[in-house]
Amino acid sequence: MIKTVLITLSSLFVFQACVDYQDDPLCSEYEYLTFEKLRKSVIVQDPKEIEERGKITIYEDLLFINEPNQGVHIIDNHNKENPIAKAFIKIPGNIDTAVKDGYLYVDSFMDLVIIDIRDINKIKEIQRKKDLFVYDEFIDYDIIDECGYDIDSGVIIKAKK
């Protein structure tokens, strides 16, 4: 009897693994950003309100506040009583930041982006090291599904949860 139950359960797991999830409606509900657009998407913008705070990096009198998957807020903290938002750098897929010798190092999904911040009024991307990190398409989504994603379409920027 126990043997029959174990065989039945094992069969169910095997058949479940063989289901074609490509027709699952979840699979079609990903929004992609192409690799080409991703690699042209670092944009310095006017300051904006911080919606979700991530890692904070301090360099001289500046604060770099990561907004997970969105980018980095730059705050002039020269006057600690009155910090001034200077800019927002849009960086899709950004989670981590580091600063050294006037350069901001950030991740953008699988790439490392180096940004010159020596002149805070002339911030610019100066280098991108492509495919330096492993891209986990579900790193920021609370979903687990077996349908995978289309690697040729780019990176997932939105998914149905």
Side-chain angles (χ1 to χ4, degrees), residues 21-22 24-161:
Y21 286 95
Q22 296 306 319
D24 186 324
L26 255 184
C27 293
S28 62
E29 296 195 29
Y30 297 132
E31 183 178 327
Y32 292 92
L33 179 64
T34 66
F35 294 113
E36 182 180 346
K37 287 182 180 177
L38 169 68
R39 292 182 170 133
K40 293 179 182 177
S41 63
V42 173
I43 301 168
V44 179
Q45 302 175 333
D46 290 334
K48 69 175 201 156
E49 191 168 325
I50 299 171
E51 294 177 22
E52 181 182 348
R53 186 181 66 236
K55 181 177 180 178
I56 299 173
T57 302
I58 300 169
Y59 178 71
E60 296 178 350
D61 288 327
L62 298 171
L63 302 177
F64 296 89
I65 303 173
N66 163 262
E67 184 159 331
N69 291 309
Q70 304 301 312
V72 177
H73 299 268
I74 301 176
I75 311 294
D76 181 343
N77 201 34
H78 182 78
N79 179 351
K80 312 254 186 284
E81 301 297 319
N82 186 28
I84 300 169
K86 297 297 281 183
F88 176 73
I89 307 173
K90 179 182 172 191
I91 310 165
N94 173 243
I95 301 294
D96 208 356
T97 62
V99 179
K100 184 173 182 184
D101 298 331
Y103 296 97
L104 176 65
Y105 297 83
V106 298
D107 60 335
S108 177
F109 289 104
M110 72 296 269
D111 295 346
L112 173 69
V113 180
I114 304 169
I115 300 170
D116 186 343
I117 56 166
R118 292 175 296 174
D119 183 343
I120 207 65
N121 297 310
K122 294 182 182 176
I123 299 168
K124 63 183 175 203
E125 177 182 337
I126 59 163
Q127 188 175 9
R128 177 180 288 263
K129 296 184 182 259
K130 297 178 183 175
D131 301 315
L132 192 62
F133 308 114
V134 174
Y135 171 55
D136 179 353
E137 67 271 19
F138 296 112
I139 194 166
D140 299 306
Y141 303 109
D142 295 328
I143 61 170
I144 298 174
D145 68 51
E146 293 81 5
C147 64
Y149 82 105
D150 179 8
I151 184 103
D152 296 326
S153 292
V155 293
I156 298 172
I157 55 173
K158 288 185 185 171
K160 179 179 177 180
K161 296 187 182 204

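Computed from heavy atoms alone, side chains included, the values below leave out hydrogens, waters and symmetry copies.
The two residues V42 and V113 have their closest heavy-atom pair at CG2-CG1, 4.2 Å. When every heavy atom of D131 is checked against every heavy atom of R39, the shortest pair comes out as OD1-NH2, 3.2 Å. Scanning both residues, D116 and I126, for their nearest heavy atoms gives CB-CG2, 3.8 Å. Nearest heavy atoms, K37 versus L33: CB-CD1, 3.7 Å.
With contacts defined as side-chain heavy-atom distances shorter than 4.5 Å, the pair Y105/K100 qualifies. Between I84 and K86, the closest side-chain pair of non-hydrogen atoms falls below 4.5 Å. At a threshold of 4.5 Å between non-hydrogen side-chain atoms, the residues D107 and F133 count as touching. Considering only heavy atoms from C-beta on, I91 comes within 4.5 Å of V72 through its side chain. Looking at heavy atoms from C-beta onward, K90 lies out of side-chain contact with Q70 at the 4.5 angstrom threshold. In this structure, the side chains of N77 and P83 come closer than 4.5 Å at one or more pairs of heavy atoms. Contact annotation: the side chain of E67 never approaches that of N94 to less than 4.5 Å [non-hydrogen atoms, C-beta and beyond]. Within the 4.5 Å cutoff, the side chain of F64 has heavy atoms near those of the V99 side chain.
For the atom pair NE2 (H73) and CG (N66), the distance works out to 8.0 Å, reported to the nearest 0.5 Å. Summarising the geometry, atom CZ belonging to F88 is positioned 11.0 Å from atom CD1 belonging to I65; distances are rounded to the nearest 0.5 Å. For the atom pair L38 CG and K130 NZ, the distance stands at 10.0 Å (nearest 0.5 Å).
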Legend entry - Evaluation steps, side chain to side chain contact (heavy atoms under 4.5 Å, CB included), between L104 and I89: CA-CA 11 Å; L104 176 65; I89 307 173; 4.0 Å; yes
Inset, instruction - I would like to know whether I117 and Y103 meet side chain to side chain contact (heavy atoms under 4.5 Å, CB included); could you show each step before the answer? - result: CA-CA 6 Å; I117 56 166; Y103 296 97; 5.7 Å; no
Inset, instruction - Using the side chain to side chain contact (heavy atoms under 4.5 Å, CB included) rule, take I120 and I74 through it: C-alpha gap first, then chi angles, then the decisive distance, then the call. - result: CA-CA 9 Å; I120 207 65; I74 301 176; 3.7 Å; yes
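Counting heavy atoms of neighbouring residues, nucleotides and ligands inside a 6.0 Å radius, atom CD of E36 does not exceed 12 of them. Counting heavy atoms of neighbouring residues, nucleotides and ligands inside a 6.0 Å radius, atom NZ of K122 does not exceed 12 of them. Atom NZ of K48 has more than 12 heavy atoms from other residues, nucleotides or ligands within 6.0 Å.
With hydrogens and angles disregarded, no donor-acceptor distance shorter than 3.5 Å links the side chain of S108 to the backbone of D111.
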Residues 53-62 side chain polar contacts: donor-acceptor under 3.5 Å, at least two apart:
residue	atom	partner	partner atom	Å
K55	NZ	D96	OD1	2.8
K55	NZ	T97	O	3.0
T57	OG1	T97	OG1	2.6
Y59	OH	G102	N	2.9
D61	OD2	H78	ND1	3.0

